[in-house]
Participant: 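I am attaching a structure below and will ask some questions about it afterwards.
Worth saying up front: this structure is predicted, and the values here are computed from it rather than measured.
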Amino acid sequence: RRGLQALDDPAAARAGELMEKASAQTARAGQIIRRLREFIEKKEPDRSLEDLNTSVEEAVALGLVGAADNDVEIETSFEPGLPQILFDRIQIQQVVVNLLRNGVEALAADGTRNIAITTTRTGGGFVEIAVCDSGPGIAPDVEARLFQPFATTKKRGLGMGLSICKGIVEAHGGRIWVAPNPGGGTQFRFSLPVPESAED
């Protein structure tokens with residue numbers, strides 16, 4: 001970066017911007033690995049009060065890297081005025097990224113290629129995040145074991161992504177589930193509890 005800054009050239013300035021982005025994503029990757037290690041080691045998550053909509057929006061931007069090349073239409077609908085939620089931002093963003101990328105991979109090569117991401121406040125003191133795709137859906141026998149370790153529908157999948165997502169969400173006091181999308185495809189939903197102070 002210092003070498004690029006010393007050059008008086010528009011191309012060098014552009015390269016410097018790309019270097020900054022690469023550096024930020026490298027640091028983020030390190031954070032994700034550290035948090036996943038802590039999660040596997042059963043350490044307490046690094047929770048703080050966060051704006052859920054902002055965190056989900058950032059996760060969507062990360063999860064869509066490369067998706068634009070796949071001609072995927074993305075729709076977002078974030079309920080305004082949600083209370084701040086107590087969660088580990090890196091872990092919850094990783095859940096959203098994983099569900100979003102799974103949804104993109106599930107879309108058929110032709111026809112409607114749509115992903116909808118929503119946040120809503122539900123009854124009972126929870127907020128809910130949904131990632132819905134317009135893919136072919138999930139067979140009932142696969143759905144029954146979807147969140148188990150090593151269960152995968154991908155040719156090169158490890159089958160750990162959804163299992164880790166389930167563990168992260170449940171460690172936050174929420175739950176995650178899958179259901180058919182009424183318009184065709186699949187919807188993954190997970191909930192997070194609203195702090196009692198926010199309820200009051």
Side-chain angles (χ1 to χ4, degrees), residues 17-18 21-22 24-26 28-29 32 36 51-80 82 87 89-122 126-169 174-192:
E17 291 174 12
L18 294 174
K21 289 182 179 179
Q25 292 305 314
T26 302
R28 178 178 172 76
I32 290 169
L36 286 176
D51 183 296
L52 181 68
N53 287 342
T54 299
S55 295
V56 172
E57 190 173 24
E58 290 173 357
V60 170
L62 286 168
L64 291 178
V65 173
D69 302 333
N70 298 325
D71 192 27
V72 178
E73 181 183 348
I74 303 297
E75 299 174 6
T76 58
S77 176
F78 301 149
E79 182 172 322
L82 291 179
F87 61 90
R89 184 174 58 87
I90 297 296
Q91 287 188 354
I92 294 302
Q93 285 184 331
Q94 197 56 31
V95 172
V96 175
V97 168
N98 194 353
L99 296 180
L100 181 55
R101 288 185 174 164
N102 283 354
V104 170
E105 289 179 17
L107 296 175
D110 52 8
T112 304
R113 294 171 56 77
N114 177 273
I115 303 278
I117 302 102
T118 61
T119 64
T120 54
R121 186 167 184 173
T122 64
F126 286 86
V127 293
E128 191 175 286
I129 302 93
V131 179
C132 309
D133 67 64
S134 62
I138 299 173
D141 60 320
V142 175
E143 184 179 317
R145 55 185 175 83
L146 206 53
F147 295 102
Q148 296 174 7
F150 309 115
T152 182
T153 58
K154 303 175 186 176
K155 291 181 179 178
R156 290 184 289 178
L158 297 176
M160 291 302 294
L162 288 176
S163 174
I164 290 173
C165 287
K166 181 174 186 287
I168 288 173
V169 171
R175 71 183 187 97
I176 185 169
W177 67 98
V178 62
N181 200 12
T186 304
Q187 49 180 289
F188 281 90
R189 296 179 175 271
F190 69 95
S191 62
L192 296 173

Participant: For Thr119 and Val127: C-alpha separation, side-chain torsions, deciding distance, then whether side chain to side chain contact (heavy atoms under 4.5 Å, CB included) applies.
Facilitator: CA-CA 7 Å; Thr119 64; Val127 293; over 6 Å; no
Participant: With a 4.5 Å limit on heavy-atom distance, are the side chains of Ile129 and Leu192 in contact?
Facilitator: yes
Participant: What heavy-atom pair brings Ala106 and Pro136 nearest, and what distance separates the two atoms?
Facilitator: O-CD, 3.0 Å
Participant: First locate atom CD of Glu79, then atom OG1 of Thr122, and finally report the distance between them rounded to the nearest 0.5 Å.
Facilitator: 9.5 Å
Participant: CZ of Arg121 to CG of Leu52: how many Å apart, nearest 0.5 Å?
Facilitator: 11.5 Å
Participant: Taking atom CG of Leu82 and atom OG1 of Thr54, what is their separation to the nearest 0.5 Å?
Facilitator: 10.0 Å
Participant: For Phe190 versus Trp177, what's the shortest heavy-atom pair and its separation?
Facilitator: CA-CZ3, 4.2 Å
Participant: Using every non-hydrogen atom in the two residues, find where Gln187 and Cys132 come nearest and quote the distance to one decimal.
Facilitator: CB-SG, 3.4 Å
Participant: Could you check Glu128 against Arg189 for salt bridge (Lys or Arg N to Asp or Glu O under 4.0 Å), going step by step and ending with a plain yes or no?
Facilitator: CA-CA 7 Å; Glu128 191 175 286; Arg189 296 179 175 271; 2.7 Å; yes
Participant: Tell me every residue that passes side-chain contact (heavy atoms from CB on, under 4.5 Å) with Ser134, counting only those two or more places apart in sequence or in another chain.
Facilitator: Leu107, Thr112, Asn114
Participant: For Asn53 and Asp51, work out which heavy atoms get closest and say how close.
Facilitator: N-OD1, 3.0 Å
Participant: Are any non-hydrogen side-chain atoms of Phe78 and Ile117 less than 4.5 angstrom apart?
Facilitator: yes
Participant: Within this structure, what is the CD-CZ distance for the pair Glu105 and Arg101, rounded to the nearest 0.5 Å?
Facilitator: 9.0 Å
Participant: Which value, rounded to the nearest 0.5 Å, describes the distance between Gln91 atom CD and Ile164 atom CD1?
Facilitator: 10.0 Å
Participant: How far apart are the closest heavy atoms of Gly174 and Phe126, and which atoms are they?
Facilitator: CA-CE2, 4.5 Å
Participant: Examine distances only and state if a side-chain atom of Asp133 and a backbone atom of Val104 form a donor-acceptor pair shorter than 3.5 Å.
Facilitator: no
Participant: Give the C-alpha distance, both sets of side-chain angles, the deciding distance and a yes or no for side chain to side chain contact (heavy atoms under 4.5 Å, CB included) between Leu162 and Phe188.
Facilitator: CA-CA 10 Å; Leu162 288 176; Phe188 281 90; 4.1 Å; yes
Participant: Hey, does Ile176 have a side-chain heavy atom less than 4.5 Å from the side chain of Cys165?
Facilitator: yes
Participant: What is the distance from atom CG of Leu99 to atom CD of Gln94, rounded to the nearest 0.5 Å?
Facilitator: 10.0 Å
